[in-house]
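For reference, the structure is listed below as structure tokens.
A, B, ... follow the sequence lines: proteins, then strands. Residue 1 opens every chain.
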Amino acid sequence: MTLRVLNTLSGEREPFEPADPDDVLLYYCGLTVSDDPHLGHARTWVHVDTIHRWLEHLGYDVRHVENVTDVNEKIVARVGERDGDGTLGDDEREVAATFIDRLLTDMRSLNLRRAEVHPRVTEHVPEIIDLVETLVEEDYAYESDGSVYFDVTAFPDYGELSNQRLDDVEAQGPKAERAEKRHPADFALWKAGGVDAAAIAEHRYDDRDYEAAAPTGETWESPWGEGRPGWHIECSAMSMTYLGETLDIHMGGRDLVFPHHENEIAQSEAVTGEPFARYWLHADLLEMDAEKMSSSLGNFVTVHEAVERFGTNPLRMFFLSASYNSTQTYSDAAVEEAIERWGRLATAYDRAADALAGADARTTADSTLGERAAESHEAFAAAMNDDGCGPPSRRSRNSARTSWASPSTATPAAARRR
RNA sequence: GCCAAGGUGGCAGAGUCUGGCCUUACGCGGCGGCCUGCAGAGCCGCUAUACGCCGGUUCAAAUCCGGCCCUUGGCUCCA
């Protein structure tokens with residue numbers, strides 16, 4: 001049975017074939033650590049985890065890398081802020097460290113397969129600078145006032161992932177940057193100087209208690225002077241460092257398709273001349289009151305709160321009750337239903353296992369129990385491999401759904417394994 | 001405006017690529033019953049005449065084709 005996956009690149013459900021038949025190089029675009037992780041993040045994590053586990057189940061050796069973006073103006077904006085016991089940190093690195101700590105704790109609480117490595121931007125600035133230098137040398141990028149921008153017109157396939165045409169793309173980045181760009185869609189690879197005060201003010205949590213300070217964030221020495229890496233380049237640098245020029249699977253939230261992933265493709269392929277990722281899988285977003293759950297909208301439930309309140313498996317159950325590539329709506333009632341659902345599944349599993357093992361004198365295994373369990377398991381595997389992986393072409397049709405793990409087809413045993 | 005993902009029963013959510021009995025799957029809810037010392041859990045049956053709208057193709061469409069409407073996301077930090 002072959003696994004098929006929905007590839008954002010083609011919009012088609014394609015047979016999955018890693019470059020090396022035994023290994024899967026999986027890169028998941030992780031978080032920018034400027035706040036506590038919320039259920040929207042958790043939903044994507046659980047789907048990534050499920051895919052990771054399924055690939056292992058199929059016999060692949062999964063090399064899973066998951067970055068942490070710890071250089072960002074939103075992080076700088078929280079320097080000196082007080083939260084609970086004390087300050088989040090006195091500089092950008094400290095604030096990031098605080099949130100990375102919470103991030104890893106939250107991930108553990110959801111029983112996720114751990115990534116092999118969680119690289120951070122601050123630890124990979126030299127690689128980033130190398131990439132940018134190469135891009136400049138090869139005329140894919142240009143320097144302007146100490147900043148470096150990627151020249152989208154130099155990369156003919158730009159827009160391929162998100163199906164955008166260059167003419168339709170609006171300007172990327174803040175206004176101040178735009179004057180320095182040749183094309184409005186050009187994006188920053190390197191930004192001169194530190195974070196300016198206006199940008200920080202925009203991201204301040206004004207309703208919270210913090211000490212007024214004027215941090216500018218960390219800067220690094222580069223061939224273009226002191227500055228900071230642009231937003232997209234770190235993923236190229238880190239994925240290439242750990243997984244090489246071509247990934248098998250690149251995952252992330254749907255909100256990253258454009259511009260983030262589009263830009264990653266452009267800058268990476270411009271350097272290597274090789275495809276950056278063979279398969280792009282995007283998890284759709286968790287909504288709350290018909291809006292996406294997000295830190296910036298403030299309509300979120302933190303992972304920490306939710307795990308305490310509902311428990312790990314019910315939450316996983318909740319996330320897996322909708323396809324990874326369709327939106328899901330959060331509500332207390334929906335999660336409470338997942339608690340029930342999980343409980344029933346667990347009970348059924350225990351009883352079936354007891355009966356099959358003859359461990360419980362009160363329940364005897366029906367002669368067909370084992371057989372039916374096997375059938376269910378087979379149906380589950382088929383769904384995971386085929387129907388479970390994605391909808392038909394979205395470009396020729398109008399619909400797309402996926403159920404990596406629709407519990408409907410899961411036997412208790414199979415579900416328990418997850 | 002451009003790009004993307006969706007619009008299925010009271011709720012939630014499969015099925016759409018590979019048209020056809022589609023089982024509107026699995027649930028939740030509701031109704032009736034069974035089991036049970038009580039409660040919980042469990043079990044059985046029923047309920048819901050659906051597939052955004054309008055056309056087209058076909059013996060046959062939720063599924064294919066065309067047009068339209070609506071929702072959400074992206075184009076600014078974003079899982």
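Remark on RNA chain B: of its neighbouring residues A/Asp168 and A/Gly253, the 5'-side contact belongs to A/Asp168, judged by nearest-heavy-atom nucleotide. Between A/Asp284 and A/Arg165, the one whose closest nucleotide on RNA chain B sits nearer the 5' end is A/Arg165.
Under the Watson-Crick or G-U wobble criterion, with both distances below 3.5 Å, B/G66 is paired with B/C54. Across all strands shown, B/U18 forms no Watson-Crick or G-U wobble pair with both key distances under 3.5 Å. Base pairing of B/G32: its partner is B/C44, meeting the Watson-Crick or G-U wobble criterion (both donor-acceptor distances under 3.5 Å).
Side chain of A/Gln164, nearest nucleotide from B/C2, B/U18, B/A79: B/C2. In the set B/U72, B/C75, B/A79, B/A79 carries the atom at the smallest distance from any side-chain atom of A/Leu286. Nearest to the side-chain atoms of A/Arg344 among the listed nucleotides B/A14, B/C75, B/G27 stands B/G27. Side chain of A/Cys29, nearest nucleotide from B/C28, B/A79, B/G13: B/A79. Here the side chain of A/Asn163 is nearest to one of B/G27, B/G74, B/A4, namely B/A4. Of the candidates B/G74, B/G73, B/A79, the closest approach to any side-chain atom of A/Glu291 belongs to B/G73. The side chain of A/Arg341 lies closest to B/C26 when the candidates are B/U18, B/C26, B/A14. Among the nucleotides B/A4, B/C28, B/C75, the one closest to the side chain of A/Pro259 is B/C75. With B/G27, B/U72, B/A79 as the candidates, the nucleotide lying closest to the side chain of A/His38 is B/A79. Taking the side chain of A/Gln328 as heavy atoms from C-beta on, and the options B/U18, B/A4, B/G13, the nearest nucleotide is B/G13.
Note: CD (A/Glu337) to P (B/G10) measures 16 Å, nearest angstrom. If you measure from atom CD of A/Glu262 to atom C1' of B/A4, you get 12 Å, rounded to the nearest angstrom. Whole-Å rounding puts the A/Leu345 CG to B/A41 C1' distance at 15 Å. The distance from atom NE2 of A/His52 to atom P of B/A79 is 21 Å, rounded to the nearest whole Å. The nearest whole Å value for the distance from the CZ atom in A/Arg254 to the P atom in B/G73 is 13 Å. As rounded to whole Å, 16 Å separates atom C1' of B/C3 from atom NE2 of A/His261. In this structure, A/Leu161 atom CG and B/G73 atom P are separated by 20 Å, rounded to whole Å. As rounded to whole Å, 14 Å separates atom C1' of B/G13 from atom CG of A/Asn325.
Taking only side-chain nitrogens and oxygens, A/Ser326 comes nearer than 4.0 Å to OP1 or OP2 of B/A14. Look at A/Asn72 and you won't find any side-chain N or O under 4.0 angstrom from OP1 or OP2 of B/C77.
Spacing between B/C51 and B/U24 at atom P, rounded to whole Å, works out to 13 Å. With both ends at atom C1', the span from B/C17 to B/C64 equals 11 Å, rounded to whole Å. With both ends at atom P, the span from B/A62 to B/G74 equals 34 Å, rounded to whole Å. As rounded to the nearest Å, B/A14 and B/C26 have C1' atoms that lie 8 Å from one another. B/C11 and B/G29 have their P atoms separated by 15 Å, given to the nearest Å. Here the separation of B/C31 from B/U18, taken at their C1' atoms, is 39 Å to the nearest Å. Rounded to whole Å, the P atom of B/U49 lies 32 Å from the corresponding atom of B/C68. Nucleotides B/A61 and B/G66 are separated by 15 Å at their C1' atoms, to the nearest Å.
At a cut-off of 3.5 Å, with distance as the only test, a side-chain donor of A/Ser236 or A/Gln267 sits close to an acceptor on the other residue. Of the N and O atoms on the side chains of A/Tyr28 and A/Asn67, not one donor lies less than 3.5 Å from an acceptor on the other residue. Side-chain atoms of A/Ser222 and A/Glu226 include no donor-acceptor pair closer than 3.5 Å. In the model, A/Trp54 has a side-chain atom that pairs as donor or acceptor with a side-chain atom of A/Asn385 under 3.5 Å.
Base contact: A/Gly40 has a heavy atom under 4.0 Å from a base atom. Using a 4.0 Å heavy-atom distance criterion, A/Gly343 is classed as making no nucleic acid contact. A/Leu285 comes within contact range of at least one nucleobase, with a heavy-atom separation under 4.0 Å. Heavy atoms of A/Thr32 sit under 4.0 angstrom from primed sugar atoms or phosphate atoms, though from no base atom. Residue A/Met251 is classed as having no contact, given no heavy-atom separation below 4.0 Å to the nucleic acid.
Here the CG-CZ distance, from A/Leu161 to A/Phe258, works out to 10.0 Å after rounding to the nearest 0.5 Å.
For the side-chain contact (heavy atoms from CB on, under 4.5 Å) with A/Phe276, the qualifying choice from A/Thr246, A/Leu247, A/Val271 is A/Leu247, the only one to do so.
Note: A/His261 and A/Trp280 have tilted aromatic rings, judged against thresholds of 30 and 60 degrees for the angle between ring planes. The aromatic rings of A/Phe150 and A/Phe187 sit parallel, their planes meeting at an angle under 30°, below the 60° perpendicular limit.
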